[in-house]
Amino acid sequence: MPHSPHPNIMTMPSESLPSFKIALLGAAGGIGQPLSLLIKSQLHLAVSAGATRIHLAMYDVAAETLVGVHADLAHIDTPVAVSAHFPGGDAAHSLGSCLQGADLVLCPAGMARRPGMTRADLFATNASIVRSLARDIAMHCDLATVHVLLISNPVNSLVPVVVRTLQQCELQPSGIEKRVLGVTALDATRASTFLGEECGNLHDFPRVPVIGGHSGATILPVFSQCPQADDLSQQTVAKLVQRVQNGGDEVVKAKNGKGSATLAMAHCGFRMLAQVSRMLIHRDGDIAASAYVALTHADGTPVAPGAQELMARNGGLHYFAVPITLSPQGVEEIRYRIVDYLNYNELNELLPVCIEHLRKDIELGVQFQLE
Ligand SMILES: NC(=O)C1=CN([C@@H]2O[C@H](COP(=O)(O)OP(=O)(O)OC[C@H]3O[C@@H](n4cnc5c(N)ncnc54)[C@H](O)[C@@H]3O)[C@@H](O)[C@H]2O)C=CC1
Ligand SMILES: O=C([O-])CC(=O)C(=O)O
C-alpha cells in the first residue's frame, strides 16, 4: 500500500473561486501520464481559465505508480491542482473522491494491445473495467451534467457498454447518452498528417473528417472532402485510407510488445479535452467536434436533430463517429450531411464494409450489457 500523497495545499483549488474538475481514470498508464502532464502544464492556458481553478483528480489501480506520478506533477508551478486517488486510499484519496463533483471524466483505463492482437481482443478485459468505472461515475457524479470522454479500446463496443450502464444506473432520464463521447480524434489527426506528408505540405495540415468507428475498416476517412486530395490518384488515396485504418497497428508493431499509441493519443486527447473544457468553463456557445456517439436515447428516440437522418444512411446503427455540434448539455446536432458528400468509392466500397464491421462491434457491447 503506498503512503498517502502529501496534500499539496498550494495547488488545491480554493473554495471561494469557480472551479472545474477533471477526473482522469487510468492516469498512471502510457496515455494517462503524458495526458496528466499536458493537463497540469498547459490546460489553464489552453482554456484561458482566468479565475477558474482547474483540478485534475487522477485515479489508477496501479497505486504506487500513481502516487509517484502525482508527487512528480505536484512540483510543477502552474495553478492546476492535482490529487491522487487509488484503491485502498483514505476518503480523500478514494475513487469516490476523485469522481465527486467532476465536470468531466476522461477514461484511458484498461489494457492496451500487443502485437498480434486486435482491438476486439481487449473487449473482455476492458468491458468489465469500464462497466465498473461507469457504475462509480453514476454513483458519484451528477449524470445530468457530467461529460465522459472514453479513450479505452475497443471504443466501438465500449461506448455502448458505458452508455447502457449509465442509463441502467440513472434514477430518472438524465440525457447522459448525449454526453458520452468516444474519442476518435487520433484517426482524424493521422489522416491529416498522412495527407499533409503526401502533399508535401508540412505547415498547414489539412483537416480530414473521419466517420464510422475506431477500428480497422470501421475507420472511414473522408478524403473526398479535402481539396488537397483532389490531385491524388485513386491508388494513392486508397493507400492513405489503408494507412489511417491501420495507424494503430503501425505503432503497436513499432513498439514491439511495449504497448500501443500513447503520445499521439495524449496529444489528441488533450486537444479534445481542452476544446470541451473551454466550452464548459466559459459557457459561451456550442462547439463543432467529432466523436463516436450514441444516436438514440434509452427509449429509442433520436438524441438530437440529424440522428434519425444519419441512421437512415448508416444501416440503422445506433452508434457512429460523426461531426457533431456540442453544447454543455451534450450533443445538440448530428451533422449527418457528411454521408451525402461521400464520393462513389467511399459510399459504395468503404461505407458498406464499415457498417458491416461496426454492427458486430456494437452488438458485442450491447450483448455484454444484457448478460
Ligand atoms: N481511442 C483511441 O484512439 C486510443 C485508445 N487507446 C486505448 O487506451 C487504453 C489505455 O492505453 P495505455 O494507456 O497505452 O495502456 P496502459 O496499460 O499503459 O495504461 C492503462 C492504465 O489503466 C490502468 N487501469 C487498469 N484497470 C483500471 C481500473 N479498473 N481503473 C483505473 N485504472 C485502471 C492501469 O493500471 C494502467 O495504468 C487501451 O485500451 C488502449 O487500447 C490507445 C490509443 C488510442
Ligand atoms: O491501436 C491500438 O490498439 C490503439 C489505438 O486505438 C490507436 O492507436 O488508434
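Just follow the structure's listing: the first ligand is 1, and inside any ligand the first atom is 1.
- Contact of the F223 side chain with the L232 side chain is not registered, since no non-hydrogen atoms from C-beta on lie closer than 4.5 Å.
- You'll find the side chain of H214 reaches within 4.5 Å of the side chain of R119, heavy atoms only.
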L181 vs V293, side-chain contact (heavy atoms from CB on, under 4.5 Å): CA-CA, chis, key distance, verdict:
CA-CA 6 Å; L181 308 179; V293 293; 3.6 Å; yes
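- By the 4.0 Å N-to-carboxylate-O rule, R278 lies too far from D284 to be salt-bridged with it.
- Contact between L25 and ligand 1 is absent, with no heavy atom of the residue lying under 4.0 Å from the ligand.
- Side-chain contact check for L158 versus V155: every heavy-atom pair is 4.5 Å or farther apart.
- Interface of V155 with ligand 1, defined as ligand atoms under 4.0 Å from a residue heavy atom, comprises 1 (N).
- Close approach to N126 involves these atoms of ligand 1, each under 4.0 Å from a residue heavy atom: 39 (O).
- A salt bridge is absent between R335 and E309; no separation between the charged side-chain nitrogens and carboxylate oxygens falls under 4.0 Å.
- With respect to atom 6 (N) of ligand 1, the closest heavy atom belonging to the protein is N153 ND2, 3.3 Å.
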Stepwise, does the side chain to side chain donor-acceptor pair (under 3.5 Å) test hold for Q369 with T165?
CA-CA 7 Å; Q369 271 319 109; T165 303; 3.2 Å; yes
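- No donor-acceptor pair closer than 3.5 Å links the side chain of K253 to the backbone N or O of G116.
- Distances between N or O atoms of I151 and those of ligand 1 include at least one value under 3.5 Å.
- Considering only non-hydrogen protein atoms, atom 13 (O) of ligand 1 sits nearest to I31 N, 2.9 Å.
- Contact of the L73 side chain with the S41 side chain is not registered, since no non-hydrogen atoms from C-beta on lie closer than 4.5 Å.
- Remark: aromatic rings of F320 and Y336 are distant, center separation not under 6.0 Å.
- Counting heavy atoms from C-beta outward, P221 and V241 have side chains that approach closer than 4.5 Å.
- Residue, atom and distance of the protein heavy atom nearest to atom 17 (O) of ligand 1 are G110 O, 3.8 Å.
- Atoms of ligand 2 lying under 4.0 Å from any heavy atom of G248, numbered from 1 in the order shown and given with element: 1 (O), 7 (C), 8 (O), 9 (O).
- Between G30 and ligand 1, an N or O atom pair is found at a separation short of 3.5 Å.
- Side-chain atoms of H85 come within 3.5 Å of backbone N or O of S94 as a donor-acceptor pair.
- Protein heavy atom at the shortest distance from atom 35 (O) of ligand 1 is D60 OD1, 2.6 Å.
- Scanning the protein for heavy atoms near atom 27 (C) of ligand 1, the closest one is V61 CG2, 3.6 Å.
- Shortest non-hydrogen contact noted between D103 and S19 is OD2-O, 4.1 Å.
- For atom 4 (C) of ligand 2, the closest non-hydrogen atom of the protein is N153 ND2, 3.6 Å.
- Within ligand 1, the atoms closer than 4.0 Å to a non-hydrogen atom of A261 are 42 (C), 43 (C), numbered from 1 in the order shown.
- Less than 4.0 angstrom separates some heavy atom of L122 from each of these atoms of ligand 1: 41 (O).
- Numbered from 1 in the order shown, with element, the atoms of ligand 1 that lie under 4.0 Å from a heavy atom of V183 read 1 (N), 2 (C), 3 (O).
- Regarding atom 4 (C) of ligand 1, its nearest protein heavy-atom neighbour is M265 SD, 3.5 Å.
- With G29, A264, G26 as candidates, the residue nearest to atom 19 (O) of ligand 1 on a non-hydrogen basis is G29.
- Listed by number with element, the atoms of ligand 2 under 4.0 Å from a non-hydrogen atom of H214 are 5 (C), 6 (O), 7 (C), 9 (O).
- A donor-acceptor contact shorter than 3.5 Å links the side chain of E170 to the backbone of S174.
- Considering both main-chain and side-chain atoms, S260 never comes within under 3.5 Å of ligand 1 through any nitrogen or oxygen pair.
- By the 4.5 Å heavy-atom criterion applied to side chains, V339 and L310 are counted as neighbours.
- Only the side chain of L186 comes within 4.0 Å of ligand 2, counting heavy atoms alone; its backbone N, CA, C and O stay farther away.
- Those atoms of ligand 1 that come under 4.0 Å of a heavy atom in A109, given as number and element, are 22 (O), 31 (C), 32 (N), 33 (C).
- Taking every non-hydrogen atom of Y59 and a distance limit under 4.0 Å, the qualifying atoms of ligand 1 come out as 30 (N), 31 (C).
- Side-chain atoms of N314 come within 3.5 Å of backbone atoms of L317 as a donor-acceptor pair (strictly under, hydrogens ignored).
- Protein heavy atom at the shortest distance from atom 39 (O) of ligand 1 is M111 O, 2.7 Å.
- Which parts of ligand 1 touch A28 is read off a 4.0 Å heavy-atom cut-off, strictly below it: atoms 37 (O).
- Of all protein heavy atoms, the one closest to atom 15 (O) of ligand 1 is A112 CB, 3.6 Å.
- If you check each of E250, M265, R190, R113 against atom 8 (O) of ligand 2, the one with the closest non-hydrogen atom is R190.
- Close approach of ligand 2 to A261 is summarised as follows: ligand atoms under 4.0 Å from at least one heavy atom of the residue are 8 (O).
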